Amino acid sequence: MRTSWADSVANSASEIAVSDNSSVPRPTRSTYVPPHLRNRQASDAPNLPGPATERATFTGTAGGSLGSRWSSDPPKPEMGRPGPGYGYAGAVAGRGGSGGGWNNRSRGWDRREREVNPFDDDVDDKTDDAEQAFSEQENTGINFDAYEDIPVETSGENVPPPVNTFAEIDLGDLLNQNIRRCKYVKPTPIQRHAIPIALSGRDLMACAQTGSGKTAAFCFPIISGIMREQYVQRPRVARTVYPLALILSPTRELSCQIHDEAKKFSYQTGVKVVVAYGGAPINQQLRELERGVDILVATPGRLVDLLERARLSLQMIRYLALDEADRMLDMGFEPQIRKIVEQMDMPNRGVRQTMLFSATFPREIQVVYNCSIRLASDFLSNYIFLAVGRVGSSTDLIVQRVEFVHESDKRSHLMDLLHAQRENGAHGKQALTLVFVETKKGADSLEHWLCINGFPATTIHGDRTQQERELALRSFKTGKTPILVATDVAARGLDIPHVAHVVNFDLPNDIDDYVHRIGRTGRAGKSGLATAFFNEGNLSLARPLAELMQEASQEVPAWLTRYASRAPYGGSKGRRSGGGRFGGRDFRRESSFGKNLDYYGGGNSGSGYGVPSSNYGGGYAPGVTSAWD
DNA sequence: AAAAAAC
């Protein structure tokens, strides 16, 4: 059932109280309160944990809260969730918190001591002036005005209503403290909607631009849920670890970024976050895992490696999150993801909670395609679809330009842009510019050419070592090399503050990739510029690009409109993934109309992509994308 | 066709 935001609010009270997924044996996290916290007021929250509160970790051992991390008491990292490396059985803690694990107290102490303060660290780590200068704006200056008008669509059964403040959500005192430390004042639209849904235990497919607070939207409920568990009795198998949550992402850098954020959110909650990805020595990651893991952030290849070595089991996974899920489920990744989700020891959908997040969700990922393959529906159970209007990519926060540039003129044209930018920039400094190219070789050669022409550039792509990739990213972020030439490895999810300009030196073939790429600028409500070099090689993109720009109230050059009208039917996939200002649409409805099942054969909605066909019964009429328009 | 993702 498609419901609008307003409908959700109207229906709210009855629906949220009941766990909506009655057919699924899943704890109703939204309502559960551990016994020791019942009748307890929020005002009981302790002060920010500091050295003074540390003692409570060891004086409170006899309390009924043993084994639970859902507590305003300082966390007890060891209790109730012994990592396999600890040498005592999960059953000990599982008995409801007898003091069984206390011979490990020094180890627990050590771990607390060793937990680096990610907030202080943040300051130390970013030694560059730019970061310091921007940091205030970064944390508190999120342009929330830009968020106010954002349209939201939800569909699915019994959608929990959104919240307006973090205070309305019972995330737990410890997590709330970290939210304050992050200086998050109020939830972003995706957070307002996704967090209540996730907390109610429902599966979720969410469309929202990265940079709009997606990571927190799935991390908060996961961390909160893990803290709520009274205890989790995990199997004890030598050298095998059993995380409770798995977060998958398509690139190593993105996994690192999610890990860094999740560490902040889980600081001093006792919830342990570990990252695993390829291109880095596996031994260090293994050691980290052995020290205990609740939330594992990983790229698929390294994860499969760990599973095959039996150093990791997915048996205890309760939460599965796929970031950039459209990429994770596309042709290249699908077999690996299927292996991880369906052919290892992961609990079935419905048993675990599954959340897919992306800026775009092509219909072929949502519904049947290739006759038999189901993607999202294989992984999700009675899910809620949530689409939050794009922050930036399709609004006027990003100015999109398209220029007709012949292949042979691209370099000199780029040079002109960079020169102009440098002259107009403050103090003659080059603004951070991200240049996307098609191939790895092309990236190297363009980087070299820029460097010998006086523009400090670096490059990131899959042929570089992980060390080189990370160095390049750092060098770009700090402004040491203000130009980064990148392949699509950098297209998704990467949160690089202060990217002023994204240049599509080579346009992608898929409009969704274009959306992801330009989303590297104009983040968190800030403005940005995106310039595309278009020529005869990009004809298939003419129509979807012209439409996208038009929807975003961008100036579409007349020549592009002409190309678009001449273009053969369809974009790269014969559709636009989003209607209007939305990052996507729930295609379940359409698929339920029997006569509309030929859409993947190319015969869909003859009126064009993005515009629902006449027999589509949803809330979109042609030209009307939502009640907010 | 390219890119990404394990050793």
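Not measured: the values here are computed from a predicted model. Naming convention: chains lettered A, B, ... in sequence-line order (proteins, then strands); numbering from 1 in each chain.
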A:Asn509 CG to B:dA1 P: how many Å, rounded? 12 Å
Tell me: CE of A:Met328 to P of B:dA4, nearest whole Å? 15 Å
Side-chain N or O of A:Thr487 versus OP1/OP2 of B:dA2: is the shortest distance under 4.0 Å? no
A:Lys440 has a side chain; which of B:dA2, B:dA3, B:dA5 sits nearest to it? B:dA3
With sequence neighbours excluded, what pairs up with A:His413 under the side chain to side chain donor-acceptor pair (under 3.5 Å) test? A:Glu403
With respect to A:Asn504, which candidate in A:Arg517, A:Gln400, A:Glu438 satisfies the side chain to side chain donor-acceptor pair (under 3.5 Å) definition? A:Arg517
Side chain to side chain donor-acceptor pair (under 3.5 Å) against A:Asp444, all qualifying residues, sequence neighbours excluded: A:His461
Any residue meeting side chain to side chain donor-acceptor pair (under 3.5 Å) with A:Asp506, in chain and number order, not counting sequence neighbours: A:Lys410
Residue set satisfying side chain to side chain donor-acceptor pair (under 3.5 Å) with A:Thr481, at least two apart, ordered chain then number -> A:Ser475
Tell me: NZ of A:Lys441 to P of B:dA3, nearest whole Å? 10 Å
Mind running a 4.0 Å heavy-atom check of residues 459-469 of chain A against DNA chain B and sending the residues that fall below it, in number order? A:His461, A:Gly462, A:Arg469
By the 4.0 Å heavy-atom rule, please label A:Asp488 as base, sugar-phosphate, or nothing. nothing
From CG of A:Asp510 across to C1' of B:dA1 the rounded distance in Å is 13 Å
Atom CG of A:Leu539 to atom P of B:dA1: distance rounded to whole Å? 18 Å
Between CZ of A:Phe436 and P of B:dA2 the distance, given in whole Å, is 19 Å
Is a side-chain N or O of A:Gln285 found less than 3.5 angstrom from the main chain of A:Tyr277, in a donor-acceptor match? yes
Could you state the atom-to-atom distance from CG of A:Asp513 to P of B:dA4 in whole Å? 12 Å
From B:dA6, B:dA5, B:dA1, nucleotide with atom closest to A:Tyr277 side chain: B:dA6
Can you measure A:Leu254 atom CG to B:dA4 atom P for me and round it to whole angstrom units? 14 Å
Can you check whether A:Arg252 has a side-chain N or O nearer than 4.0 Å to OP1 or OP2 of B:dA6? yes
Closest listed nucleotide, where the reference is the side chain of A:Glu438 and the choices are B:dA2, B:dA6, B:dA4: B:dA2
Give A:Val489 one of three labels, base, sugar-phosphate or nothing, depending on what nucleic acid heavy atoms sit under 4.0 Å from its own. sugar-phosphate
What's A:Ala280 touching, base or sugar-phosphate or nothing? Going by heavy atoms closer than 4.0 Å. sugar-phosphate
Non-neighbouring partners of A:Lys339 that pass salt bridge (Lys or Arg N to Asp or Glu O under 4.0 Å), sequence neighbours left out: A:Glu308
